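Because the structure is predicted, anything quoted here is derived from the model rather than measured. Chain naming here is simple, since letters A, B, ... match the order of the sequence lines and numbering starts at 1 in each.
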There are 4 protein chains.
Amino acid sequence: MPKVTDEHRAARRQQILMATLRCVAVEGLHRTTMADVIRESGLSAGAVYGYFKSKNDLILAIAEFGLALMDTELRGLAKDGNVPSPDEVTRQLTRAIVRQAESQEIDITKVVIAVWAEAVRDEGVRAIVSERIRTLRDSYAGLVSAQQAAGLVDPDADPLHVTQVMVGMLPGFILQRLVLQDVDPEGYADGLAALRR
Amino acid sequence: MPKVTDEHRAARRQQILMATLRCVAVEGLHRTTMADVIRESGLSAGAVYGYFKSKNDLILAIAEFGLALMDTELRGLAKDGNVPSPDEVTRQLTRAIVRQAESQEIDITKVVIAVWAEAVRDEGVRAIVSERIRTLRDSYAGLVSAQQAAGLVDPDADPLHVTQVMVGMLPGFILQRLVLQDVDPEGYADGLAALRR
Amino acid sequence: MPKVTDEHRAARRQQILMATLRCVAVEGLHRTTMADVIRESGLSAGAVYGYFKSKNDLILAIAEFGLALMDTELRGLAKDGNVPSPDEVTRQLTRAIVRQAESQEIDITKVVIAVWAEAVRDEGVRAIVSERIRTLRDSYAGLVSAQQAAGLVDPDADPLHVTQVMVGMLPGFILQRLVLQDVDPEGYADGLAALRR
Amino acid sequence: MPKVTDEHRAARRQQILMATLRCVAVEGLHRTTMADVIRESGLSAGAVYGYFKSKNDLILAIAEFGLALMDTELRGLAKDGNVPSPDEVTRQLTRAIVRQAESQEIDITKVVIAVWAEAVRDEGVRAIVSERIRTLRDSYAGLVSAQQAAGLVDPDADPLHVTQVMVGMLPGFILQRLVLQDVDPEGYADGLAALRR
DNA sequence: GATGAATGAGTGTTCATTCAT
DNA sequence: CATGAATGAACACTCATTCAT
């Protein structure tokens with residue numbers, strides 16, 4: 001079945017990627033074997049290797065995909081005319097995370113934590129995670145200026161530092177949600193609000 | 001002479017544990033092989049298996065040890081008579097993390113992230129991580145009451161929520177520090193302080 | 001238009017064969033993959049399999065072609081009226097080998113050695129190599145009679161034995177040339193001449 | 001069963017080596033799989049890899065061993081007081097080859113041809129083959145001087161060239177013996193003798 | 001007790017070949 | 001016919017664990 005359309009190729013890649021995400025969410029990055037991916041994808045070994053030339057390639061694709069999902073969700077926030085307070089932003093973001101995690105068959109946040117761990121020791125994955133975190137911060141940056149102008153955030157503060165904490169609150173939310181299962185967006189946002197007075 | 005033997009046993013366990021931490025910090029949990037641990041510890045395979053009956057056992061011990069190190073450091077904070085602001089607490093905690101990470105031959109925070117990832121899929125590790133996070137929150141709890149009394153935190157807020165955010169800011173600090181290497185305790189604390197205006 | 005088609009077919013076969021020779025000279029028989037041949041030939045997998053029904057078929061064709069090249073070169077020798085001495089024959093033959101090896105883009109002698117090794121274990125290849133060596137000996141046979149008549153070779157000797165040694169000197173030349181790179185036709189012929197004093 | 005004697009280790013290596021030789025004589029170098037070697041040696045995969053760290057390692061050992069067997073046989077020749085003629089030397093050497101090939105359960109000359117083919121494309125094997133051929137030539141060198149002094153070989157000839165042809169006659173003997181099965185030491189030596197008058 | 005050689009199921013990956021388009 | 005995506009058995013190699021000494 002040669003000379004296949006680009007859409008077909010893209011669909012196959014997606015098929016493999018989704019199969020891998022399903023495996024990784026359950027087994028983690030390293031306990032997911034290529035045999036798992038092959039079985040789960042319903043393709044043959046050769047087919048999978050036709051789309052991803054190694055397991056590492058697949059991990060990089062997973063990393064990109066997993067973090068991209070988180071990211072897209074956050075873009076909409078700055079769109080509105082009004083300026084949300086930091087706790088309001090956190091509420092929206094954690095809500096988005098929970099929605100993502102629960103909407104799919106798989107909990108993407110499990111994949112994301114696996115990717116963080118891999119980023120510590122694999123340069124390629126680290127580059128991807130770095131880029132994603134930076135993008136996230138940049139998405140915030142404009143919002144922070146508006147918040148400073150509106151008196152919601154100390155106007156003398158370095159916006160970078162503000163984005164670092166704001167982004168920095170999300171991993172802890174994800175981790176506590178998965179491990180202790182006792183955090184939720186409302187409580188987490190309230191907790192931050194409480195710190196502000 | 002059981003006393004001496006017990007001490008000997010404890011020393012051997014520690015020796016193996018430290019060897020494992022060294023390996024895990026560099027290679028991660030799953031790329032660290034028992035052969036690595038055996039070589040690094042300077043013991044024989046049989047000896048290592050005499051102290052830890054499986055690799056999973058060793059991982060559990062690693063998880064316990066890695067998170068315990070973080071915890072002990074934080075206890076001292078509540079000891080002082082004065083009541084530190086939330087950002088001051090964050091400053092102290094992140095400083096403690098950096099101190100820990102840089103004081104040892106190995107960066108313990110790398111091990112910690114590996115442990116988080118494992119907690120997602122291994123019930124045993126998850127139980128340990130849960131317990132540690134809860135302990136950390138409990139250590140905070142008293143402090144939060146004091147901060148509420150002192151007007152540093154909204155007295156109407158649920159203390160649990162406050163401890164959730166306060167603890168929740170640390171994983172993001174650790175992650176950004178390892179991956180982007182552009183965060184430091186002072187900036188991070190300043191960022192939080194800025195949110196409180 | 002069957003004529004054109006046949007020529008076309010022959011050209012395609014040649015194209016695939018040359019591509020294979022190029023691969024085999026570099027990688028050897030077994031490290032040359034069909035994918036290599038396909039890529040090098042510029043054809044599709046299906047096309048290559050249209051001309052050679054298996055890799056083994058291709059190997060047989062390689063064997064035939066590689067040894068044929070050596071053979072054609074040697075025919076001209078007996079043509080001349082004068083009777084060359086054994087060392088003179090060796091000089092001409094080794095010169096022919098070197099010329100062949102250096103004239104083409106690929107060193108055909110590398111392919112020849114690979115074919116010898118395959119002949120040891122594959123009956124089909126062995127049959128081809130057998131036939132080629134026999135042909136080579138036959139080409140010599142007439143010459144030997146002439147040399148015996150001319151007193152250049154012991155007239156009482158069995159011509160078969162003489163052709164066996166004469167042919168037998170060539171593999172050693174090829175091997176030493178490829179591996180040690182310190183033999184040349186002149187020295188080799190001189191060496192044989194020295195034995196005849 | 002730890003702390004095993006050196007003899008035990010050497011015996012195990014030999015056991016694996018002999019198993020490999022048996023496989024290579026039948027299947028060639030590349031069709032011999034590690035699974036073949038493992039089965040034939042009667043050991044486990046891990047055990048084999050404990051003695052040879054890769055298949056390539058094993059191939060190098062095979063090359064060394066296979067050619068060494070040929071070599072040892074040839075040393076005794078120069079020992080005798082009398083000076084053998086070149087054809088006599090060839091008779092002895094080819095006899096030694098046949099004896100070696102037939103004395104063992106496996107025909108070592110089949111392995112040797114496989115090694116030649118590998119030497120063309122693997123630098124490590126080539127180094128070993130080079131060294132062996134050089135050693136063989138050196139073993140001859142003394143003999144050639146004696147033959148030149150005794151008038152059996154042209155005294156003006158370069159001894160190197162003489163050793164090149166003398167060594168060069170052996171591959172052709174081995175090859176014709178395996179492929180055509182119609183050469184024997186007596187005929188081959190007679191063929192060379194015939195060239196000398 | 002301590003040792004480390006041995007095990008063997010399992011790992012990521014390749015590749016000759018087929019066949020739907 | 002020609003194409004090249006797909007197949008899946010096989011490959012070289014690893015590694016947690018055991019147990020004879």
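Among all heavy-atom pairs drawn from Ala63(C) and Val125(C), the shortest one is CB-CG1, 4.2 Å. Contact record, Leu60(D) with Gly124(D): CD2-C, 3.5 Å, taken as the closest heavy-atom pair.
Side chain of Tyr49(D), nearest nucleotide from dT18(F), dA12(F), dA6(E): dA12(F). Listed candidates were dA6(F), dC15(F), dA6(E). Nearest to the side chain of Thr33(B) is dC15(F). In this structure, the nucleotide among dA2(F), dA5(F), dA9(F) sitting nearest to the side chain of Ser44(C) is dA2(F). Checked against dT14(E), dT17(E), dG4(E), the side chain of Ala45(B) finds its nearest nucleotide in dG4(E). Set against dT17(E), dA6(E), dA12(F), the side chain of Ile38(C) has dT17(E) as its closest nucleotide. For His8(D), taking side-chain heavy atoms from C-beta onward, the closest of the listed nucleotides dT17(E), dT3(E), dA5(E) is dA5(E).
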Show your working on side chain to side chain contact (heavy atoms under 4.5 Å, CB included) between Val120(C) and Arg126(C) and close with a plain yes or no. CA-CA 7 Å; Val120(C) 171; Arg126(C) 186 160 59 247; 5.8 Å; no

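A straight line from NZ of Lys53(D) to P of dC15(F) spans 15 Å, rounded to a whole angstrom. Going from atom CE of Met34(D) over to atom P of dT14(E) covers 18 Å, rounded to whole Å. We find that CG of Leu29(D) is positioned 15 Å from P of dC11(F), with the value rounded to whole Å. The nearest whole Å value for the distance from the CZ atom in Phe52(C) to the P atom in dT18(E) is 16 Å. What separates CZ of Arg39(B) from P of dA16(F) is a distance of 12 Å, to the nearest Å. Between Leu58(D) atom CG and dA12(F) atom P there is a gap of 11 Å when expressed in whole angstrom units. When rounded to the nearest whole Å, the span between CD of Glu27(D) and C1' of dA10(F) equals 14 Å. Atoms CZ (Arg9(B)) and P (dG1(E)) sit 8 Å apart, rounded to a whole Å.
Each of Leu43(B) and Thr32(C) lies near DNA chain E, and the nucleotide nearest Leu43(B) is the one positioned closer to the 5' end. Summary of the strand contacts: Ala47(C) and Arg31(B) both lie near DNA chain F, and taking for each the nucleotide with the nearest heavy atom, the more 5' one is attributed to Ala47(C). Nearest-nucleotide positions on DNA chain E for Val48(D) and Lys55(C) put Val48(D) closer to the 5' end.
Lys55(A) contributes a side-chain N or O that, together with a main-chain N or O of Thr32(A), makes up a donor-acceptor pair within less than 3.5 Å.
Side-chain polar atoms of Ser54(B) and Asn56(B) form no donor-acceptor pair below 3.5 angstrom.
Distances shorter than 4.0 Å separate some side-chain N or O of Arg12(A) from OP1 or OP2 on dA6(F).
Listed by first and then second residue, the salt bridge (charged side-chain N to carboxylate O under 4.0 Å, His left out) pairs that reach into residues 38-51 of chain A are Arg22(A)-Glu40(A), Asp36(A)-Arg39(A), sequence neighbours excluded.
Contact annotation: the side chain of Met18(C) never approaches that of Glu105(C) to less than 4.5 Å [non-hydrogen atoms, C-beta and beyond].
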For DNA chain F, what string of dots and brackets results from 5' to 3' when Watson-Crick and G-U pairs need both distances under 3.5 Å, crossing pairs get [ ], and pairs with another strand get |? .||||||||||||||||||||

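By the 4.0 Å N-to-carboxylate-O rule, Glu64(C) lies close enough to Arg132(C) to be salt-bridged with it.
Contacts of Gly46(D) with the nucleic acid, taken as non-hydrogen atoms under 4.0 Å apart, include base atoms.
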